[in-house]
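For reference, the structure is listed below as structure tokens.
Quantities reported herein were computed from a predicted structural model and do not represent experimental measurements. FYI, the numbering just counts along the sequence from 1.
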Amino acid sequence: MYACATEGPFPAQCVAASVESRWPWSVVLGRVDSRPRPQGTATEPDERLVIDTSDSTGESRSPADATVAELGEFAVIDRAVSGRGQPDTTLLGPGDDAAVVRAADGRVVVSSDMLVQGRHFRLDWSAPEQIGRKAVAQNGADIVSMGAWPTAFLVSLGCPPDTPVAVLDALTDGIWSEAEGLGAGVVGGDTVQSDQIVLSITVLGDLRGRDAVLRSTAGAGDQVAVAGRLGWSAAGLAVLAAGLDGHAEVVAAHRVPEPPYGSGPVAAEAGATSMTDVSDGLLADLGHICAASGVRMDLDPAALEPDQVLRAAADELGDDADAWVLTGGEDHALAATFPPGVELPDGWRRIGVVLNDTDVRGGASAAVGAGVLVGGRERTGAAGWESFGRNRSR
């Protein structure tokens, strides 16, 4: 999306004011020159980046009022990256064929996720800025669940040509906001025309000298613990799907998750034996640990009592708050196992134990949520989200 160096395709027909106000760094040949100009220094825009945004009456309008097709690919890219800062870990940011990111540890943790309009988000339920933040948050949660810390994000975007530029501006603002909150940079990506908005993000992370915490290393007798909220996003989705007013807290949790980022590296330092983020549902994600480690777990129902906020929403909807806690995804809480007797770090709470019994190793063929008991019993029904299952848009 951002690694490009080419001429813009537009004739010289527009004004410099909007370019100067939106793009405080000089843009030349469709690429970003990240050298800040001296304060108060005016720079004439390069004529190859001047864009015709006049309407049928000949009146000029802001580029934000145009569509992606009217503005063009490279001008859209320039709006996404110009004037943005980068952390020290970014040695070379957007503007070349590839970025260069510092890997001080000598190892890089990598993950990626995709959001598809109509499947993972709806623009009548979430603002573009919220969608951008959510996309970064779910990727950042994957990295911290390995005990690492996010350092850089690559963002690839597909959208229809009639997508308003203002939508992409807000989406970009959300992406940068969440990334900058982590001290990470947005260093590259791609753009393509598609039938609906598709957002694919790859994240790089740094282990900072620690070993990665895997799913496959839980052991018998380990404590099972979580950090962060459970069931809030599922509750918010149910409220939106029902068209209810109110319940603002859970709706906000669905629109923008709040992963407990700091709890991942802290758990690694405390000796966590396995860890994952809760993206598909607690039972489903703990089931992945069970399958990878060849263990079973028993969760304590009393430790998983739904918050009153969830109870209130469930009562009005006639829904099951306990099911939201156990199977609702997209809160991006963290779930981990710790050795017996180890004091859990701040922010973590015990919810169960790894059992001393049957091996359930099954890898990819194991049933989702297999090996996870609740109060000593297997729970019937879906354990969480499956991409090719019969799930609603979330």
Side-chain angles (χ1 to χ4, degrees), residues 145 215 218-238 247 249-250 253 257-260 263-264 266-267 270-290 293 295-358 360 368-385:
S145 74
R215 292 177 175 177
D222 282 352
Q223 305 173 81
V224 182
V226 295
R229 302 183 299 201
L230 296 171
W232 285 54
S233 179
L237 173 61
H247 306 288
E249 290 178 279
V250 294
E258 297 181 2
S263 295
V266 166
T273 54
S274 69
M275 187 157 47
T276 186
D277 85 306
V278 182
S279 54
D280 297 328
L282 181 65
L283 297 186
D285 289 308
L286 287 178
H288 297 321
I289 291 179
C290 288
S293 296
V295 298
R296 293 204 303 166
M297 299 175 180
D298 189 14
L299 306 185
D300 178 4
L304 294 167
E305 184 69 22
D307 295 302
Q308 186 54 43
V309 172
L310 302 189
R311 292 286 188 204
D315 288 346
E316 184 170 355
L317 288 164
D319 217 322
D320 185 351
D322 294 285
W324 290 339
V325 170
L326 293 172
T327 67
E330 290 202 314
D331 286 298
H332 299 287
L334 299 179
T337 57
F338 293 85
V342 167
E343 183 177 351
L344 298 181
D346 289 344
W348 287 87
R349 63 188 187 276
R350 179 178 169 132
I351 61 168
V353 65
V354 178
L355 299 174
N356 267 307
D357 62 5
T358 311
V360 297
V368 174
V372 185
L373 309 179
V374 182
R377 299 179 180 180
E378 291 188 359
R379 187 182 186 279
T380 59
W385 170 268

Note, Ile351 side chain near Leu304 side chain (heavy atom, < 4.5 Å): yes

Partner set under side-chain hydrogen bond (donor to acceptor under 3.5 Å, both in side chains) for Glu378, not counting sequence neighbours: none

Main-chain N/O of Ala218 paired to Asp222 side chain as donor or acceptor, under 3.5 Å: no

Non-hydrogen side-chain atoms of Leu299 and Leu282 separated by less than 4.5 Å: yes

Side-chain heavy atoms of Cys290 within contact of Met297, under 4.5 Å: yes

Interatomic spacing from CZ in Phe338 to CZ in Arg350 - rounded to 0.5 Å: 11.5 Å

4.5 Å side-chain heavy-atom contact, Val224 and Asp298: no

Pro339 to Gly271 - nearest heavy-atom pair and separation: CD-O, 3.3 Å

Sub-4.5 Å side-chain heavy-atom contact between Pro257 and Asp331: no

Value rounded to 0.5 Å, distance of OG in Ser145 from NE2 in His332: 10.5 Å

Student check: side-chain heavy atoms of Leu373 and Arg296 closer than 4.5 Å: yes

Any side-chain heavy-atom pair of Val309 and Val250 under 4.5 Å: yes

Shortest non-hydrogen separation from Leu310 to Ala235 and the atoms involved: CD2-CB, 3.8 Å

Separation between CZ of Arg229 and CG of Asp307, rounded to the nearest 0.5 Å: 9.0 Å

N/O donor-acceptor pair under 3.5 Å between Ser263 side chain and Gly347 backbone: no

Within 6.0 Å of CG in Asp346, more than 12 heavy atoms from elsewhere: no

For Ala267 against Trp348, the heavy-atom pair lying closest together: CB-CZ2, 3.6 Å

Derivation of the salt bridge (charged side-chain N to carboxylate O under 4.0 Å, His left out) call for Arg311 and Asp322: CA-CA 9 Å; Arg311 292 286 188 204; Asp322 294 285; 3.2 Å; yes

Derivation and outcome, side-chain hydrogen bond (donor to acceptor under 3.5 Å, both in side chains), residues Thr273 and Thr337: CA-CA 5 Å; Thr273 54; Thr337 57; 2.5 Å; yes

Heavy-atom pair with the smallest gap, counting every atom of Ala238 and Trp324: CB-CZ2, 3.8 Å

Donor-acceptor under 3.5 Å (Ser293 side chain, Arg215 main chain): yes

Closest non-hydrogen atom pair, Ala335 against Ile289: O-CD1, 4.4 Å

Donor-acceptor pair, side chain of Asp320 and main chain of Ala323, under 3.5 angstrom: yes

Flag, side chain of Asp280 to backbone of Asp285, donor-acceptor distance under 3.5 Å: no

Side chain to side chain contact (heavy atoms under 4.5 Å, CB included) assessment of Leu283 paired with Arg379: CA-CA 9 Å; Leu283 297 186; Arg379 187 182 186 279; 3.6 Å; yes

For Glu316, all residues meeting salt bridge (Lys or Arg N to Asp or Glu O under 4.0 Å), sequence neighbours excluded: none

Contacts of type side-chain hydrogen bond (donor to acceptor under 3.5 Å, both in side chains), residue Arg349, not counting sequence neighbours: none

Pro259 and Leu334, any side-chain heavy atoms less than 4.5 Å apart: no

Heavy-atom closest contact (Gly221 atom, Pro340 atom, distance): O-CG, 3.2 Å

